[in-house]
Each structure stands twice: as structure tokens, then as C-alpha cells.
Amino acid sequence: MEERIYNFSAGPATLPLPALEAARKDLLNYQGIGMSVLEIRHRSQVFAEIIEKAQANLRHLLNVPDHYQILFFQGGASLQFSMVAMNFLRGSGKSADYILTGSWGNKAIKEAKKEGTVRVVWDGKEGNYHRIPEPSELDFYPDAAYVHATPNETIQGVEFSSPPDTGDVPLVCDMSSDFLSCPIDVEKYGIIYAGAQKNAGPAGVTLVILREDLLDRIPENLPSLLDYRTMVKGKSLYNTPPVFAIYFVMLVTRWLRDEIGGLEKMAVLNEGKAKTLYDVIDSSDGFYRGHAEPGSRSNMNVTWRLPSENLEKEFVRRAKEKGLDGLKGHRSVGGIRASIYNAMPVSGVESLREFMLEFRSENGS
Ligand code: PMP
């Protein structure tokens, strides 16, 4: 096999090697059926088993209660920005509360405003989204249709350590970049959605976990594919789903369950990986400057600056030469971003750590 590099990009992101190997093995002939998963009918028994396994793995890993549906959509997390608002804000006679901690939350708000009244209960813009709010800074409207949050902002690298308490108002979370990174209490959420392409699989499928009683609130006459009830009734098979992406989610969740040993173990690994990088930043005498405040730091996306843009460019270039790819930060924050999702091995983070130390000793004052 040609050597693989360490891919620190924010998504599509690196995938677990055992899942890639399983997919390669299955590619031409899935379990003796004489064809690949890329070719099978979505209404075949073989695929029914695959989608059921993917759901069962997710239910097991996240301990999803029976009154929550696990659904597969297309359209990315971006379509969920619209769907959440179309299904639960449009025609509700209520407003929706949004906590704004970064770029993706901003996009969610833009779409929600097309459907109804949005109240931004907290906006981290002043500090260029370098922290999450304290609970005391959040004052939710008790009659809001829902509260929306982005627990991990991929671009800024800020993460909630626990979900905000919204009382009886359903909490809707865009978990695209922290989904499956640690255990969560699903009962605290009304809706969780996540594009798969960071922690759950390849691009092309979006996971939605939805509390069933919310379905009664959906207005009539939404386009069928944009009405959550359609996917519930059709068991995510109303139309042709992204068959291969769902199959891959099954492989990744199987890896998490059987090889990692569940989300508690995954969380310990993720915390260790993140600490390795934050420790280098914190002990660099200001050569590396983290974007996020220490109490708001993400375990998935570590963001930092160097003393100059030229050094940042040089850092990215030299890192790539060493097989450490995808480290250029998003233009709205600048600098460097290391996305260290579940599938990034500890050895990848160790290599980055060594490179950071070496680069500093060569270029620091
Ligand atoms: N939300 C978050 C937190 C993201 O990181 C991203 C993608 N990077 C999106 C939403 C948009 O996802 P998609 O491209 O699947 O629409």
C-alpha cells in the first residue's frame, strides 16, 4: 500500500483505516452477493440490513431512547439549517432563539430568518467568536419554538462543554463537528443533526436524531422531502438514499463500537489528543497563540495563529512536506487549524506536536 499521510482537514476528513479497509474488501463483491454496495438496490434486503445496522450502532453508541428517530438525509447540514426552521418556525406563531458562537451558526440564522422571527440570544462577534457564553449570559424566551446552538464551531474551534439548559423549549443542535466525539445525553435535545463527513462517514449523508413528539408541530404542505415526517414514514427510504455513504456510516460506527469500545473511550482519546496540541500552544511563550479562550476550546478543531502570516504560510508548507496535510485555517480566522476528529490517530497528533516544536525552535525568537 502507498503510504498514507495525516489529514488534518475539517471535512471531508480522515476516516478510520479499518473502515476503509473493510470497504475496499467489500467493494467488488459485498458478502458474496456478486456486486458492490455501490450497485445494490436501496430496497433490497441487503441494504435494509445495512441501514438497520447503521441505526442500531448509532442507537447503541449514543444510547438513543426509543422515542427518538434516527434518520438519514441528503443536502448536508446546510439543508438542516432550512429544514429545522421550515418545520418548526414557519407558521408556528413563535420566534426561535439562536446562540451564535461562530460561522456555521451565522449561516443557520440566515436561513431561519427566511421562515420567521429569529432572536439572537447571544452573539460572540465582538471577540471574533473566541468563546462560548456563560450560562448566566443566556436568557431564553420561554415560549420560543426552539433554541438552536452549534456545540462545536468548526471554523473558530470553540466548543460547549455541556449543552445549554433550555428548560421545556426544544434544543436543536448542529452537531456536525462534534457528533460521536463524546457521550451525550440525547434526552436533553429535541433535534440533533450532523453532516457525516467529519466523525461519522464520508460526505453525502446527514444524520438527524429527532424526538418524535415534535413531529406533531410540523405545518402542512411542505415539500415532501423537506418534511421530517416523510423520512420517518419512509424509514429514510422515501426516495433513493445515499446508499454507499450510509453503508460507510455503518462501518465507522461499528469501528467506534467494537474497536474503540464506545464513546467514553473515544472521548478520553480525543481529550488526550487535543491536550497534546494545546499544551504546545500554551508553552510556546506566545509563538503560537490559540484563537479560542481556554475554557471554550474545541477538542475537534484546534485553531491558532503564528507571529506573522508569512510564518503561517511557511508552517503549512513545511508541514505538508512532512505528510501533515490540511492545516491551513479558514480565512475568517486565519492561521492554522488542526482538525483532529475521532479517526485522527494519536500518532498523527504526536507528529504534529513534534513538528510544532521543531518549527518554533527554528523560527522563534
Ligand atoms: N455546520 C458545521 C458545524 C460545519 O462544520 C459544517 C461544514 N463544515 C456545516 C454545518 C455545513 O455542512 P454541509 O457542508 O454538510 O452542509
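We count ligands from 1, going down the list as the structure has it; atoms in each ligand are counted the same way. Just so you know, these numbers come straight off a predicted model, no measurement behind them.
Two residues are said to be in side-chain contact when any heavy atoms from C-beta on lie closer than 4.5 Å; Asp174 and Phe81 meet this criterion.
Under the 6.0 Å cut-off for aromatic ring centres, Phe73 and Tyr228 qualify, their centroids lying closer than that.
By the 4.0 Å N-to-carboxylate-O rule, Arg229 lies close enough to Glu220 to be salt-bridged with it. For Glu354 and Lys322, the salt-bridge test fails: no basic side-chain N is under 4.0 Å from an acidic carboxylate O. Under the 4.0 Å criterion applied to side-chain N and carboxylate O atoms, Arg353 and Asp279 are not assigned as salt-bridge partners.
With sequence neighbours left out, the ring pair (Phe, Tyr, Trp, His ring centres under 6.0 Å) criterion links Phe359 to Phe315, Phe355.
Near ligand 1, residues Gly76, Ala77, Ser78, Phe81, Trp104, Thr150, Asn152, Thr154, Asp174, Ser176, Ser177, Gln197, Lys198 each place a heavy atom inside the 4.0 Å sphere around the ligand atoms.
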